Number of protein chains: 2
Amino acid sequence: MKKRSDPVPAKQRLDQMLSKLKEHDFRITPQRLAVLKVLAASDGHPSVERIYDTVKAQFPTTSVATIYKTVALLKQENEVIEISFPDGSNRYDGNKPYPHPHLICTRCKKIVDPDLSSLEDLAKEVTKETGFQITTHRVDFFGLCRECQ
Amino acid sequence: MKKRSDPVPAKQRLDQMLSKLKEHDFRITPQRLAVLKVLAASDGHPSVERIYDTVKAQFPTTSVATIYKTVALLKQENEVIEISFPDGSNRYDGNKPYPHPHLICTRCKKIVDPDLSSLEDLAKEVTKETGFQITTHRVDFFGLCRECQ
DNA sequence: TTTTCTGCAAATGCTTTGCATGGGA
DNA sequence: TCCCATGCAAAGCATTTGCAGAAAA
């Protein structure tokens with residue numbers, strides 16, 4: 001059975017991202033394409049460093065600044081979300097660029113997307129109780145994955 | 001009616017924090033006491049900068065490093081929690097130093113603690129679905145408060 | 001008196017910026 | 001050709017660290 005938390009096919013996401021950039025008259029450079037490919041899959045929710053390493057394997061002269069600039073552009077276009085941590089290690093998700101819960105293993109740093117049907121109820125409960133107009137959320141659970149226990 | 005999300009009296013929290021530090025043979029300096037007082041109340045969930053400004057009013061020679069060191073000590077002793085943001089602006093809560101949901105106004109930066117009875121169900125759902133052993137969580141909702149809408 | 005804490009300044013680590021050169025469209 | 005993007009190095013910023021002098025206990 002297909003779950004809501006399952007990843008979207010990377011090719012499909014890549015095409016969506018490319019369309020968005022073209023539509024807004026941004027240029028498709030080889031470096032950008034390489035960054036997009038990593039983020040379209042977003043396997044394990046990559047860090048800037050991991051994107052950089054991957055892109056550098058193909059284009060050795062690439063600078064980190066370019067990765068940061070491209071990621072910033074995609075954030076601005078709502079094509080990636082940023083998951084930030086207290087220790088200053090940011091991770092990204094371009095496969096599902098909308099708020100969704102994460103499950104983070106504190107030992108192996110793996111990040112998994114769980115299915116959480118009751119999350120909508122939570123948001124409703126908050127709105128009802130506080131009168132806030134909720135626009136987005138961040139829901140992360142930390143713990144040990146099955147393998148690390 | 002008293003809600004779970006209501007703040008603990010600041011004096012009470014201060015005493016708890018002082019006990020913990022004495023118990024572990026840390027010295028109570030005037031600067032530390034001043035920091036503790038701010039964090040015991042944690043009104044609006046203060047930033048390091050705001051703690052610094054408050055302490056400096058009483059002890060003008062205080063350095064930011066001392067604030068950071070004291071906050072780090074309290075984090076280590078589980079007497080404050082850190083709420084980090086992508087833009088690098090960390091906020092702290094020493095009044096309720098255990099994981100709990102936050103409601104953040106994106107306009108006036110106010111942080112409120114809502115009552116969320118169904119949050120426990122969520123954690124259980126995650127454990128059941130994924131086999132993760134959940135140790136902590138972070139649940140933040142972003143939006144506009146009643147005044148800012 | 002002993003040991004820890006403070007305050008200063010330098011160092012760190014991630015991220016951003018400025019600018020000359022290069023390369024999409 | 002015309003701009004935008006790249007790559008490099010310098011600048012920013014919050015936070016951490018090292019160390020000599022100050023002050024708890």
Side-chain angles (χ1 to χ4, degrees), chain A residues 17-39 45-77 79-92 109, chain B residues 17-36 39 45-77 79-92 109:
Chain A
M17 294 167 116
L18 285 171
S19 301
K20 175 74 79 76
L21 291 191
K22 284 173 187 163
E23 204 175 294
H24 290 35
D25 291 317
F26 293 108
R27 294 179 181 168
I28 311 301
T29 65
Q31 295 88 334
R32 277 187 178 167
L33 184 59
V35 174
L36 291 195
K37 278 180 182 168
V38 177
L39 286 172
H45 303 69
S47 60
V48 163
E49 198 191 342
R50 228 197 74 206
I51 302 171
Y52 180 45
D53 289 343
T54 308
V55 175
K56 227 180 5 182
Q58 224 184 124
F59 305 99
T61 63
T62 306
S63 79
V64 233
T66 297
I67 311 295
Y68 278 105
K69 283 167 186 167
T70 303
V71 169
L73 173 65
L74 292 169
K75 265 198 289 184
Q76 172 198 306
E77 297 294 315
E79 293 294 325
V80 298
I81 54 166
E82 188 175 63
I83 315 163
S84 68
F85 293 95
D87 61 31
S89 63
N90 288 357
R91 307 275 289 267
Y92 298 87
K109 308 297 176 197
Chain B
M17 294 168 115
L18 285 170
S19 302
K20 175 72 79 74
L21 291 191
K22 285 174 186 161
E23 205 175 294
H24 290 34
D25 294 316
F26 293 109
R27 293 178 182 171
I28 310 301
T29 65
Q31 295 89 335
R32 276 187 179 168
L33 185 59
V35 174
L36 292 194
L39 286 172
H45 303 68
S47 61
V48 161
E49 197 189 343
R50 229 197 72 206
I51 303 171
Y52 180 46
D53 289 343
T54 309
V55 175
K56 227 178 6 181
Q58 226 185 121
F59 305 100
T61 63
T62 305
S63 78
V64 233
T66 297
I67 312 294
Y68 277 107
K69 283 167 186 168
T70 303
V71 169
L73 174 65
L74 292 169
K75 264 197 291 182
Q76 171 197 306
E77 297 294 316
E79 293 294 325
V80 300
I81 54 165
E82 190 175 62
I83 314 164
S84 67
F85 293 95
D87 61 32
S89 65
N90 288 357
R91 307 276 289 269
Y92 298 88
K109 308 296 175 196

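Quick note on labels: first sequence line is chain A, next is B, and so on, each numbered from 1. These figures come from a predicted structure and were not determined experimentally.
To the nearest 0.5 Å, atoms OH (B/Y92) and CD (B/E82) are separated by 4.0 Å. Put simply, CD on B/Q76 and CZ on B/F26 are 5.5 Å apart, with the number rounded to the nearest 0.5 Å. Interatomic distance, CD of A/E79 versus CG of A/L39, reported as 10.5 Å (0.5 Å rounding). For the atom pair CG (A/N90) and NE2 (A/H45), the distance works out to 13.5 Å, reported to the nearest 0.5 Å.
The interatomic distance linking A/R32 (CZ) with C/dG22 (C1') rounds to 14 Å, in whole Å. Across the protein-nucleic acid pair, B/Q76 atom CD and C/dC5 atom C1' stand 14 Å apart, rounded to whole Å. The interatomic distance linking A/I83 (CD1) with C/dC14 (P) rounds to 18 Å, in whole Å. The CG-P distance, from B/L73 to C/dC5, rounds to 8 Å in whole Å. As a whole-Å value, the separation of A/L36 CG from C/dG24 C1' is 15 Å. We find that CG of A/L18 is positioned 14 Å from C1' of C/dG24, with the value rounded to whole Å. Taking atom OH of A/Y52 as the reference point, atom P of C/dT15 lies 14 Å away to the nearest angstrom. Distance CG (A/D25) to P (D/dC4): 10 Å, rounded to an integer number of Å.
The backbone N or O of B/I83 sits nowhere less than 3.5 Å from a side-chain atom of B/R91 that would complete a donor-acceptor pair. Within the 3.5 Å criterion, the main-chain N or O of A/R27 finds a donor-acceptor partner in the side chain of A/R32.
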At a cut-off of 3.5 Å, list every protein nitrogen or oxygen paired with a nitrogen or oxygen from nucleotides 23-25 of chain D, distance to 0.1 Å.
{"residue": "D/dA24", "atom": "N3", "partner": "B/R27", "partner atom": "NH1", "Å": "3.1"}
{"residue": "D/dA25", "atom": "OP1", "partner": "B/I28", "partner atom": "N", "Å": "3.2"}

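A close approach under 4.0 Å does not occur between any side-chain nitrogen or oxygen of B/N90 and OP1 or OP2 of D/dA14.
Side-chain atoms of B/T70 and B/Q31, non-hydrogen and from C-beta on, never get closer than 4.5 Å to each other. Between A/L36 and A/L74 there is a side-chain heavy-atom pair separated by less than 4.5 Å. When side chains are defined from C-beta on, B/L33 counts as touching B/L18, because their heavy atoms get closer than 4.5 Å. A 4.5 Å side-chain heavy-atom check between A/S47 and A/R50 finds at least one atom pair inside the cut-off.
The side-chain contact (heavy atoms from CB on, under 4.5 Å) with B/V35 is formed by just one residue from the set B/V55, B/T54, B/L73, B/T62; it is B/V55.
End-to-end axis angle of the helix from C/dT1-D/dA25 to C/dA25-D/dT1, using five pairs per end and rounding to 10°, comes to 40°.
Residue-to-nucleotide proximity on DNA chain D shows that, of B/K75 and A/T70, the 5′-proximal contact is made by A/T70.
Remark: B/T61, B/T62, B/S63, B/A65, B/T66, B/K69 in residues 60-69 of chain B come within less than 4.0 Å of DNA chain C through at least one heavy atom.
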